[in-house]
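Heads up: the structure comes next, in structure tokens.
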Amino acid sequence: MFNAKITGTGSYLPKKIVTNKDFESILDTSDEWIYARTGIKQRHVIADHESTSSMAEIAANNALQAAGVDASEIDLIIVGTSSPDRVFPSTACILQHKLGAKGGAAFDVQAACSGFIYALGIANQFIKAGGAKKALVIGAEANSRILDYSDRNTCVIFGDGAGAVVLEASEELGVLSTHMHSDGQYQDLLYVNNPIKDQKQEGDQAFMTMHGNDVYKVAVKTLSRIVDETLEANNMLKSDVDWLIPHQANIRIISSVAKKLSMPMEKVVLTIENQGNTSAASVPLALDQAVRDGRVKKGEIVLMEAFGGGFVWGSALVKM
Ligand code: UT7
């Protein structure tokens, strides 16, 4: 049986930046409020000609280049996204065509902010079971397309972007374990309505609704539990983890998970200040940044975790 090893990472952030200050003229909000409550200063927003698949394409090509793998060798593409180009076909299918890959399996995973962790968990199982040899695992979000820019509870929080990894069958240790959970009783706390079904009136759009404070409380408790679960599954101690790469939803949530791991904040990869919450893209965006700037090195142990609408949450422990 093979292991699944991350052999390359890549990411993409759109050029346009929206700062907290930019919101002050259109909303009853302030840079001070947003930064103090979330840790966010700015976020990237896609241009009209861009899409989730176009961001994913750039991130994927960067990851392929880093891995030294040609798109034609890829036999599995999984995209974690809640803001797909179309309801169907999947963004993964559209991406496969853009990359010039053909014939392998390609599908999306809709697990809100945990989309990348879920996609990584699924690809890991595929590779271990011999169902794929070289996979592209991606988190990509055009959150700005599902935000109501008059709702200060959501629009200041989220940003756009994409992150990707190439996962290859290997005899070396790679993904050590992944853990995925969900609890649908919380579906009304964080969701995007479905304009196809709702059909309130013509022209209805899909918008995100979030009861942030209720989400916050469950997220802190749940993520603390999953840290224990992940370490126990691998017979590891907190001190065995070199890096925490968390979903970037709120600096206060991230700090509480780091505290649980007795991990100094220098060992936590943070992108939230400059990127905001990019949902399924946040973990692979942070991973790519830390790999490219030399912080995360081959052989190190990385704990990734995420929590999002559903609720769905998950973690992955990876030897790089
Ligand atoms: O990524 C998926 C998972 N999502 C999360 O994990 C998000 C978790 N939640 C959070 O990060 C936080 O709950 C938020 C940052 C979203 C909100 O922070 P909070 O400290 O929980 O604030 P709150 O929702 O309790 O709101 C406090 C006050 C309210 O006013 P009143 O009712 O006290 O008068 C809000 O209306 O802050 C108000 N408020 C704002 N004020 C200025 C809400 N949004 C804003 C805003 N600017 N943008």
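In listed order, ligands and their atoms are each counted from 1.
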Numbered atoms and elements of ligand 1 in range of [X], under 4.0 angstrom, heavy atoms:
X: N250; value: 10 (C), 11 (O), 12 (C), 15 (C)
X: V156; value: 48 (N)
X: D28; value: 42 (C), 47 (N)
X: M210; value: 4 (N), 7 (C), 16 (C)
X: A249; value: 1 (O), 5 (C), 6 (O)
X: V215; value: 3 (C), 4 (N), 5 (C), 6 (O)

N/O separation below 3.5 Å, H247 to ligand 1: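 By distance alone, the answer is yes.
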Test of proximity, G212 against ligand 1: N or O pairs below 3.5 Å: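 By distance alone, the answer is yes.
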Check whether any protein heavy atom sits under 4.0 Å from [atom].
atom: atom 10 (C) of ligand 1; result: yes
atom: atom 1 (O) of ligand 1; result: yes
atom: atom 19 (P) of ligand 1; result: yes
atom: atom 36 (O) of ligand 1; result: yes

Reference residue H181; test ring-ring contact (aromatic ring centres under 6.0 Å, His included); the match among F307, W313, F311, Y186: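 Running ring-ring contact (aromatic ring centres under 6.0 Å, His included) over F307, W313, F311, Y186 with H181 returns exactly one hit, W313.
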Side chain, backbone, both or neither: W33 near ligand 1, heavy atoms under 4.0 Å: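 The part of W33 near ligand 1 is the side chain, not the backbone.
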Side chain, backbone, both or neither: the part of N277 lying under 4.0 Å from ligand 1 by heavy atom: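 Side chain only.
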Under 3.5 Å donor-acceptor, R43 side chain and N277 backbone: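 Side chain of R43 to backbone of N277: no pair is present.
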Side-chain (N234) to main-chain (M236) donor-acceptor, under 3.5 angstrom: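 It does not hold such a pair.
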Taking atom 22 (O) of ligand 1 as the reference point, the nearest protein heavy atom with its distance: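 Checking every protein heavy atom, the shortest distance to atom 22 (O) of ligand 1 gives R37 NH1, 3.3 Å.
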